[in-house]
Amino acid sequence: MDSHMHIYNTLTRRKEPFTPLEAGKVSMYVCGMTVYDYCHLGHARVMVAFDIITRYLRERGYDVNYVRNITDIDDKILKRADENGESITALTERMIDAMHEDEARLFVLPPSHEPRATGHIEDIVAMIETLIEKGFAYAADNGDVYYRVRKFANYGKLNNRQLDDMRSGARVDVDVHKEDPLDFVLWKAAKPGEAHWASPWGNGRPGWHIECSAMSTCCLGDTFDIHGGGPDLTFPHHENEIAQSEAATGKTYVNTWMHAGAVRVNQEKMSKSLGNFFTIRDVLAEHDPEVVRFLLVASHYRSPINYSVDSLTEARKSLTRLYTALEGLEPGEANRDAASAYRERFTQVMDDDFNTPEALAVMFELAREVNRAKQDQPVEAAKMAGELKQLGSILGLLQQVPQTFLKGTQQQGMPLSESEIEAKIAQRIEAKTNKDFAQADAIRDELAAMGIILKDSREGTSWVFEAP
């Protein structure tokens, strides 16, 4: 099962055969959100990428234990709660609920476990104590605890960086309490009035990096199969996780490191300062969620994605082609014989580092085969449609009723309501009955100019909405 699957490992910078620690089981940890604000498009990229990876591993027969954490205590959370005049708990619970709503709308399945930093304070303190005992950490006289970066021999291995290069180019805060500017905080002493927990070093809260080391090893063990996250986390966050975890346990932390690509907006880096920053709910207020998911799936998970109106328009057109193939068919039980070659190729490309663009190309070929068989072999077409729908489900696509999607009922901004469109169709039918073909063509062209495409068949006239 696993001998044919290869995954690109950020640590080694090459694709490697994937063999899990325990046969038939995959342990995977992905860095989740710091819940002080609504999730943005970059979060959506990571959510969808690792949702597909999980779906496909399960399709291949693996029992996947997918852990994605929540950081619910952090400087940004404290600052935002204070600005809003609400409690930390009220803010984080509200943002967690919103995150779950966003991911559900993007057809993202929930992870197996979703540990919260505040639920693992004891584990975090215990790991810090171990690091101090082993000489990898020290308590400063201000109540903070720091990690000794130079003590860990392989620091920088994930990012292929040398310590001296880091120091010369480092943007680090001047802190007289550190032994070395590169040392990073494991435990922060609480300021007056701040949320805090008791520790051997006084009241405080965990640093960001130690949270993930403690939660991942607590949920998955000292060594696990896959660790994932966004492109901005390789340094320093994941580098620091390796240093903390391997120093504490003396074991290899993670076998395979995976990182999703960045999201760009109109070919520019997404940032609030550029005014091109979009939350998931901003986007879903204007666009069909499945179209947005398709855009995220259409690029390889390691590649950057360009988000623009044009790219979304193309995504809708592509998804429309797939749904059009399913239209008018009652998908039968997937026929492995009729579509075995497509299934085999789909598996082959997905086994090659989850190559979703190539997987979609296979689906488009199968859709063309369905369209060819519709007229003369409707039973065979239905069976192949079932296979197409099943392949789509592995990517989290094609799970709507085709007519629901094709009519654009989830697409806001349609120029006419469904009843208005049906009234226009009725007028066109009346014109054709009266042999007023010029009027019938005028109605068709009028609707087409608004993106409403009519399709005549023996069963009558149907329509789809394609944003012009």
Side-chain angles (χ1 to χ4, degrees), residues 284-294 309-310 312-335 338-339 363-390 392 397-468:
L284 298 189
E286 299 291 334
H287 303 283
D288 186 305
E290 191 172 359
V291 171
V292 176
R293 183 177 176 108
F294 186 95
V309 172
D310 288 345
L312 278 170
T313 300
E314 287 305 310
R316 168 167 276 280
K317 287 179 179 177
S318 297
L319 195 52
T320 296
R321 284 167 55 199
L322 294 176
Y323 269 116
T324 300
L326 297 176
E327 185 184 17
L329 294 172
E330 188 63 43
E333 184 176 344
N335 186 337
M363 288 172 60
F364 281 115
E365 286 187 34
L366 179 54
R368 285 194 290 273
E369 195 71 26
V370 171
N371 285 329
R372 280 195 288 266
K374 269 185 177 180
Q375 292 298 322
D376 301 327
Q377 299 173 290
V379 174
E380 197 70 9
K383 290 179 179 179
M384 288 191 291
E387 184 71 3
L388 178 60
K389 190 175 174 70
Q390 192 171 350
L397 300 171
L398 302 183
Q399 301 311 294
Q400 298 185 61
V401 174
Q403 274 300 99
T404 301
F405 176 83
L406 293 171
K407 286 189 175 182
T409 52
Q410 294 183 342
Q411 173 76 17
Q412 295 197 13
M414 271 210 313
L416 299 176
S417 67
E418 285 194 44
S419 59
E420 288 172 326
I421 295 169
E422 295 297 341
K424 290 281 186 183
I425 291 173
Q427 291 172 16
R428 179 170 175 265
I429 291 171
E430 184 179 357
K432 289 173 73 175
T433 302
N434 295 332
K435 300 190 184 303
D436 188 352
F437 298 112
Q439 176 64 10
D441 289 346
I443 293 171
R444 182 197 61 207
D445 294 344
E446 177 192 357
L447 292 172
M450 293 186 280
I452 300 159
I453 310 302
L454 302 185
K455 294 185 176 183
D456 295 319
S457 68
R458 285 176 293 185
E459 288 75 31
T461 301
S462 61
W463 59 272
V464 297
F465 175 65
E466 297 179 3

What's the shortest heavy-atom distance between [X] and [Y], and which atoms?
X: Ala440; Y: Ala431; result: N-CB, 3.9 Å
X: Ala367; Y: Leu322; result: CB-CD2, 3.9 Å
X: Tyr323; Y: Glu290; result: OH-OE1, 2.8 Å

What distance separates [X] [atom1] from [Y] [atom2], expressed to the nearest 0.5 Å?
X: Arg428; Y: Glu446; atom1: CZ; atom2: CD; answer: 12.0 Å
X: Lys432; Y: Ile443; atom1: NZ; atom2: CD1; answer: 10.5 Å
X: Asn434; Y: Ile429; atom1: CG; atom2: CD1; answer: 12.0 Å
X: Leu406; Y: Ile453; atom1: CG; atom2: CD1; answer: 12.0 Å
X: Met384; Y: Asn371; atom1: CE; atom2: CG; answer: 9.5 Å
X: Glu387; Y: Gln390; atom1: CD; atom2: CD; answer: 5.5 Å

Note to self: What verdict does the side-chain contact (heavy atoms from CB on, under 4.5 Å) test give for Glu286 and Leu312, after you've listed the backbone C-alpha separation in whole Å, the side-chain angles of each residue and the deciding distance to 0.1 Å?
What the structure shows: CA-CA 11 Å; Glu286 299 291 334; Leu312 278 170; over 6 Å; no
A side-chain contact here means heavy atoms from C-beta on lying under 4.5 Å apart; do [X] and [Y] qualify?
X: Gln400; Y: Asp288; result: yes
X: Val291; Y: Phe405; result: yes
X: Leu398; Y: Met363; result: yes
X: Leu326; Y: Val370; result: no
X: Arg444; Y: Asp456; result: no
X: Leu454; Y: Leu447; result: yes
X: Phe364; Y: Arg368; result: yes

Backbone of Ala381 reached by a side-chain donor or acceptor of Lys374 within 3.5 Å =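 Judged by distance alone, no pair lies under 3.5 Å.
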query = Should the heavy atoms of other residues, nucleotides or ligands under 6.0 Å from CD of Glu430 be counted, would the total exceed 12?
reply =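 Check fails, neighbour count at 12 or below.
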